[in-house]
Amino acid sequence: MLQLQKIRENRDQIIERLAVKNFKATALVDEIIELDNTRRNSQKELDDILALSNQLAKEIGNHYAKGEQGKAELAKQESLKLKAAAKAIEPLLMETVELLNAKLIELPNLPHTSVPNGKTPEDNEIIYEEGVMPRLPENAVPHWDLASTYKIVDFELGNKVTGAGFPFYRGKGARLQRALINFFLDEAIEAGYTEYQPPLLVNAASGYGTGQLPDKEGQMYFAPEDNLYLIPTAEVPLTNIYRDVIVKENDFPIKNVAYSNCFRREAGSYGKDVRGLNRLHQFDKVEIVQIQHPDKSYQTLEEMKEHVAGLLRKLELPFRILRLCGGDMSFTSALTYDFEVFSAAQNRWLEVSSVSNFEDFQANRMKLRFKDKEGKTRLAHTLNGSALALPRVVAALLENNQSAEGIKIPDALTNYTGFKFID
RNA sequence: GGAGAGUUGGCAGAGUGGUCGAUUGCGGCGGUCUUGAAAACCGUUGACCCGCAAGGGUCCGGGGGUUCGAAUCCCUCAUUCUCCGCCA
């Protein structure tokens, strides 16, 4: 959520910036400013009445103490009038505040100045590319075929037991998953992150804090009996640790990492995008989160980008980095880098990571703040990134490393898997 | 799931209808003393809203109510602890 004060002060720039996200903000921004004016006026009016009322209440106390019943009764009558006046304003004020908040959360985060204009993924800017394109054998096949040949991922079994998008991993497939999770976690710990095991279900306040609610409600699984949401990413619990927290400035940077299952309804997805491991309802991901001082968050974003690049390098996967265009960015992000690996048998680039700086957008929703050197309370910046999401990494590993001997496991992983080939 | 007791500032812990945003202790910060430090002593120490400021308002788990006035009384939800039941 954008800061109200900034909206008031920079109306025109905000409208202009949001146009990069193809968001027409003029009407909404003006409405917000108008509502805020109404709110301030009502608030002032109410505060004045309450001030008088408080004063009267004290006087009544004094009258009673002195035994002046008559004066007390008179003051009481006066006080009742004030109370009635306050009662008249209160619902109006509450209504205004609610409406104002509802409008405020409709505004997306401002894109960073480096964000390219654009509407679709085609407009994303490729800023980096690395790795050797694998040369595949003639009879190379996509990962879903390899999965059944080597009996390492069973999609049909998942269909039977749960439904589409919930595969079983089996044998070396399951061990490869476990190896990747441990590898990613160890790399993050090595880079100074603290490991967490978060809850997989969160309450509405947490979903709201990181921005999944209210607008992406339909993407999350929901347990209505208990009013809990299954997390679409560990970002939600991991960032919400700091909801309503005022951290110390010298705690920065706060670096946390968590492995979790992620659950996404993926309503509206179809076709080749959802084939095999390309898009699942339940998948595994290691997520890194940082809470940082506003002056240093972009430096941190670069550091996180390098961390993710390092992982892909060690896995020997060809990858590229995109700077997302305004139209493809998330609602909450100010700048996002997507990482894509090349999955040779499908001949496609697959997104395996998304690294974002949210600046103070999530922090404002969450009231995540810090005290600066002058003792002023300010909003912190939040960042996160996948490091990494497993299924598409597995897809690329299987496809790119296939040969007549089986599937070769990259050297960085063999200590974790305990085997060098899937055969 | 049942019964009972709690939830107060960074922490501990008073306060059971009026001058309480809240006694006190610890911790934090500043100072005196000291070559330096410790100890001791003195001072200071929450968040939010409106306002240039002076000042005003809100917040004692969340929400609602009673009252001229609520941390204090009532209702409700959440949560913690103890006991019982069930259970990986």
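Per chain, numbering begins at 1; letters A, B, ... match sequence-line order.
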**Q.** Selection from C68(B), A47(B), G56(B) that lies nearest to any side-chain heavy atom of I246(A)
**A.** A47(B)

Q | 5′-ward residue of the pair K44(A)/N62(A) relative to RNA chain B | A | N62(A)

(Q) Does I60(A) reach a base, just sugar-phosphate, or nothing at all? Heavy atoms under 4.0 Å. (A) base

Q: In whole angstrom, give me the gap between the C1' atoms of G46(B) and G9(B).
A: 6 Å

Q: For nucleotides C75(B) and U66(B), find the distance between their P atoms and express it as a whole number of Å.
A: 15 Å

Q | Distance, C1' atom - from G21(B) to C74(B), rounded to whole angstrom | A | 24 Å

Q: Could you state the atom-to-atom distance from CG of D244(A) to P of G46(B) in whole Å?
A: 19 Å

Q. If the C1' atom of G4(B) is compared with that of A40(B), how far apart are they to the nearest Å?
A. 47 Å

**Q.** Complementary nucleotide for G1(B) - Watson-Crick or wobble, under 3.5 Å
**A.** C84(B)

Q.
Distance to the ring centre below 6.0 angstrom and angle to the axis at most 45 degrees; does that hold for K216(A) and F331(A)?
A. no

Q. Can you tell me the Watson-Crick or wobble partner of G27(B), both distances under 3.5 angstrom?
A. U45(B)

Q: Take the protein atom CG of N54(A) and the nucleotide atom P of C68(B), then report the distance between them rounded to whole Å.
A: 15 Å

Q: Measure from the side-chain heavy atoms of K371(A) and tell me the nearest of G46(B), G69(B), G57(B).
A: G46(B)

Q: Using Watson-Crick or G-U wobble geometry with both distances below 3.5 Å, tell me the partner of C60(B), or none.
A: none

Q.
Between P on G63(B) and CD on E98(A), what's the gap in Å once rounded to a whole number?
A. 12 Å

**Q.** Geometric class of the F222(A)/Y229(A) ring pair [parallel <30°, tilted 30-60°, perpendicular >60°]
**A.** tilted

Q | Counter-base of U72(B), judged by Watson-Crick or G-U geometry with both distances under 3.5 Å | A | none

Q) Which residue, Q43(A) or L80(A), contacts RNA chain B at a nucleotide closer to its 5' end, judged by nearest heavy atom? A) Q43(A)

Q) Within a radius of less than 6.0 Å around CD of E302(A), do more than 12 heavy atoms belonging to other residues, nucleotides or ligands occur? A) yes

Q. When the distance from CG of L93(A) to C1' of G57(B) is rounded to whole Å, what number comes out?
A. 11 Å

Q.
Considering every strand and a 4.0 Å limit on heavy-atom distances, what is the contact class for K81(A): base, sugar-phosphate, or nothing?
A. nothing

Q | Check: D251(A) side chain, K248(A) main-chain N or O, donor-acceptor pair, under 3.5 Å | A | yes

Q) To the side chain of R369(A), which of C68(B), C48(B), C49(B) is closest? A) C48(B)

Q | Any strand: nucleotide that pairs with U67(B) via Watson-Crick or wobble, under 3.5 Å | A | none

**Q.** Ring geometry between Y416(A) and F183(A) (parallel below 30°, tilted from 30 to 60°, perpendicular above 60°)
**A.** perpendicular

Q. Between A14(B) and G64(B), how far is it from one P atom to the other, in whole Å?
A. 29 Å

Q: Return the value, rounded to whole Å, for the distance between atom NE2 of H63(A) and atom P of G18(B).
A: 18 Å

Q: Round to a whole Å and report the spacing from CD of Q55(A) to P of G57(B).
A: 9 Å

Q: Remember a base hit wins even if backbone is also touched, and classify K83(A) as base, sugar-phosphate or nothing at under 4.0 Å, heavy atoms.
A: base

Q | Base paired to A38(B) (Watson-Crick or G-U; both N/O distances under 3.5 angstrom) | A | none

Q | Distance-only polar pair, side chains of D47(A) and Q43(A), donor-acceptor under 3.5 Å | A | yes

Q) So what does A75(A) touch, heavy atoms closer than 4.0 Å: a base, only the sugar-phosphate, or nothing? A) nothing

Q | Euclidean distance for P, G30(B) against A39(B) (whole angstrom) | A | 15 Å

**Q.** Euclidean distance for C1', G65(B) against G17(B) (whole angstrom)
**A.** 16 Å

Q: Would you mind reading off the distance between D48(A) atom CG and C50(B) atom P, rounded to a whole angstrom?
A: 15 Å

Q | Distance-only donor-acceptor test (3.5 Å): side chain D47(A), base G56(B) | A | yes

Q) Which whole number of Å gives the distance between the P atom of U19(B) and that of U72(B)? A) 13 Å

Q. How are the rings of Y298(A) and H112(A) set to each other: parallel, tilted or perpendicular (split at 30° and 60°)?
A. tilted

Q: In whole angstrom, give the distance that lies between atom NZ of K58(A) and atom C1' of G18(B).
A: 10 Å

Q. For S53(A), which contact category applies under a 4.0 Å heavy-atom criterion: base, sugar-phosphate, or nothing?
A. nothing

